[in-house]
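In each ligand, atom 1 is the first atom listed, and ligand 1 is the first ligand listed. For clarity, every value in this text was computed on a predicted model and none was experimentally measured.
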Amino acid sequence: MARLVMKFGGTSVANVERIRNVARHVKREVEAGHQVAVVVSAMSGKTNELVAWCRETAVLHDAREYDAIVASGEQVTSGLLAIALQDMGISARSWQGWQLPISTDDAHGAARILDVNGEEIIKRFEDGEVAVIAGFQGMHLPSGRLTTLGRGGSDTSAVAVAAGIKADRCDIYTDVDGVYTTDPRIVPKAKRMDKIAFEEMLEMASLGAKVLQVRSVELAMVHKVRTFVRSSFTDPDAPELKTAGDPPGTLICDEEEIVESEVVTGIAFARDEAQVSIRRVPDKPGIAARVFVPLAEANINVDMIVQNISAEGFTDITFTVPTTDFERAKVALADVHDDIGYESIEGATDVVKISVIGIGMRSHAGVAARAFQALSERGINIRAISTSEIKISVLIDAAYTELAVRTLHSVYGLDAA
Ligand code: ADP
Ligand code: ASP
Ligand code: MG
């Protein structure tokens with residue numbers, strides 16, 4: 001007997017028929033003798049609809065009320081799945097974040113989980129009851145208010161619950177059968193990986209691969225939760241899922257568990273960054289601080305930064321910010337124009353950041369050069385570059401997203417035969 005967390009994303013619970021399909025997956029594990037806690041997302045599209053309603057009501061709205069509204073999607077699916085399970089003769093009970101509770105800080109809209117109280121559901125495991133937990137939501141205990149964890153947050157709920165109840169495994173069921181070398185919807189030749197190291201998955205997720213929320217990978221790494229990404233679109237009663245063999249999927253694990261590792265593991269891309277360029281900035285000590293301190297004070301995250309070699313005492317500075325903060329960044333810089341003394345600010349939102357990721361880069365030279373060469377052969381201009389020990393990112397025109405991702409995917413030998 002094992003203790004399992006099974007998480008199902010939006011497309012897996014998109015309608016009542018799919019919720020029944022999910023219930024059959026759960027039934028299979030219960031009948032195999034396991035203790036099961038399920039974490040569900042809202043039906044696909046539901047959270048977007050709720051977010052849009054908030055904006056429609058008032059562009060600038062109270063974040064506490066936003067949370068009260070957007071958390072409702074998961075309330076519906078958790079209840080429906082509990083009913084579907086009961087209908088199949090499985091004892092089940094739904095749980096909202098506040099009922100366990102799953103306690104969080106008060107960063108409404110992007111709250112962090114502080115603790116998961118699994119006492120009651122563990123007690124009920126003894127009687128064979130399945131817990132169906134609403135993902136994405138928690139509660140700030142001191143204020144008693146509902147919180148949500150940021151988009152894609154049900155993954156994080158699942159891993160946190162797994163850590164909280166000391167589960168043997170956290171299965172993330174989604175609409176693809178694992179983590180691929182890049183988004184399989186963009187590159188049909190992408191390959192599924194059997195295993196990927198925590199650090200690489202962390203980079204993939206934070207650089208745009210939305211298959212797992214970044215925070216869920218961090219939690220899995222810290223709490224050593226065995227996290228396995230797999231498909232909910234398989235036949236729940238397929239004989240191979242009932243035997244001991246490993247189902248298709250990707251295990252997120254320690255680097256040491258991976259026997260053969262490639263120099264490059266995967267390619268990720270993110271369309272949600274915008275470019276800001278400040279032209280003809282006087283090149284003197286303290287200028288970077290004068291540009292970036294106002295942005296930090298406005299709580300704007302700056303990502304890639306490029307500064308040109310100065311000519312005649314002036315230089316250009318280019319950097320990226322989240323697209324949602326683009327207008328605010330320009331306003332913050334306009335406010336300090338007289339202090340900095342730059343000529344103009346330019347910007348672009350039709351850009352994409354493409355990243356090449358791999359632990360093997362630590363010990364191999366020339367990885368970046370190959371990317372630059374391949375992109376130049378395709379006539380793709382690079383606007384900015386940033387690197388770290390295990391990744392290289394380039395900012396290019398969004399129109400070239402697919403071409404660039406496919407080119408890099410094949411250059412590093414990631415294409416399936
Ligand atoms: P869920 O609703 O189950 O949480 P998401 O839509 O959040 O599902 O995440 C799954 C999607 O992530 C896939 O449909 C796929 O298009 C996308 N994706 C992006 N990069 C990758 C990758 N490297 N491997 C697998 N899927 C990826
Ligand atoms: N329903 C939430 C969202 O769409 C959480 C999730 O799906 O993980 O962001
Ligand atoms: Mg998701």
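- No more than 12 heavy atoms of other residues, nucleotides or ligands sit less than 6.0 Å from atom CD of E262.
- Residue V179 has at least one heavy-atom neighbour below 4.0 Å for each of these atoms of ligand 1: 24 (N).
- When the heavy-atom distances from atom 13 (C) of ligand 1 to D175, D177, L212 are ranked, the shortest goes to D175.
- Close contacts of ligand 1 with A209, meaning ligand atoms under 4.0 Å from a residue heavy atom, involve 20 (N).
- Using a 4.0 Å cutoff on heavy atoms, P184 counts as a contact of ligand 1.
- Under the side chain to side chain contact (heavy atoms under 4.5 Å, CB included) rule, E203 has a single partner from S388, S393, S355, which is S388.
- Compare M193, R185, Q213, K210 by their heavy atoms: the one nearest to atom 5 (P) of ligand 1 is in K210.
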Can R112 and D105 be said to form a salt bridge (Lys or Arg N to Asp or Glu O under 4.0 Å), step by step?
CA-CA 6 Å; R112 287 169 81 91; D105 63 14; 5.1 Å; no
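- Of all atoms in ligand 1, listed by their number and element, those nearer than 4.0 Å to a heavy atom of M204 are 23 (N).
- Side-chain contact check for S44 and T11: no donor-acceptor pair (N or O, by modelled atom type) lies under 3.5 Å.
- Among all protein heavy atoms, the one lying closest to atom 25 (C) of ligand 1 is G178 O, 3.4 Å.
- Side-chain polar atoms of D67 and T148 form a donor-acceptor pair below 3.5 angstrom.
- Backbone and side-chain nitrogen or oxygen atoms of K7 are examined, and one is located within less than 3.5 angstrom of a nitrogen or oxygen of ligand 1.
- The protein heavy-atom contact nearest to atom 2 (O) of ligand 1 is G10 N, 3.0 Å.
- More than 12 heavy atoms of other residues, nucleotides or ligands lie within 6.0 Å of OH in Y66, so this atom counts as buried by the packing criterion.
- You'll find the ring centres of Y173 and F233 outside the 6.0 Å limit.
- Using modelled atom types, one finds no donor on one side chain facing an acceptor on the other under 3.5 Å when comparing Y412 with D415.
- For the residue pair H25 and R28, a side-chain donor N or O sits within less than 3.5 Å of a side-chain acceptor on the partner.
- The protein heavy atom nearest to atom 23 (N) of ligand 1 is Y180 O, 2.9 Å.
- Taking both residues in full, the closest heavy atoms of V217 and A205 are given as CG2-CB, 4.4 Å, listed atom of the first, atom of the second, then distance.
- Some N or O of T174 is nearer than 3.5 Å to an N or O of ligand 1, by distance alone.
- Ordered by chain and residue number, the residues placing a heavy atom less than 4.0 Å from ligand 2 are S41, A42, T47, E74, F136, R151, G152, G153, S154.
- Atoms CG and CG, from L408 and L403 in turn, are 9.0 Å apart once rounded to the nearest 0.5 Å.
- Side-chain contact annotation: E218 with S216, donor-acceptor N/O pair under 3.5 Å absent.
- Among all protein heavy atoms, the one lying closest to atom 15 (C) of ligand 1 is D183 OD1, 3.4 Å.
- In summary, the atoms of ligand 1 found under 4.0 Å from a heavy atom of T182, numbered by their order in the structure, are 22 (C), 23 (N).
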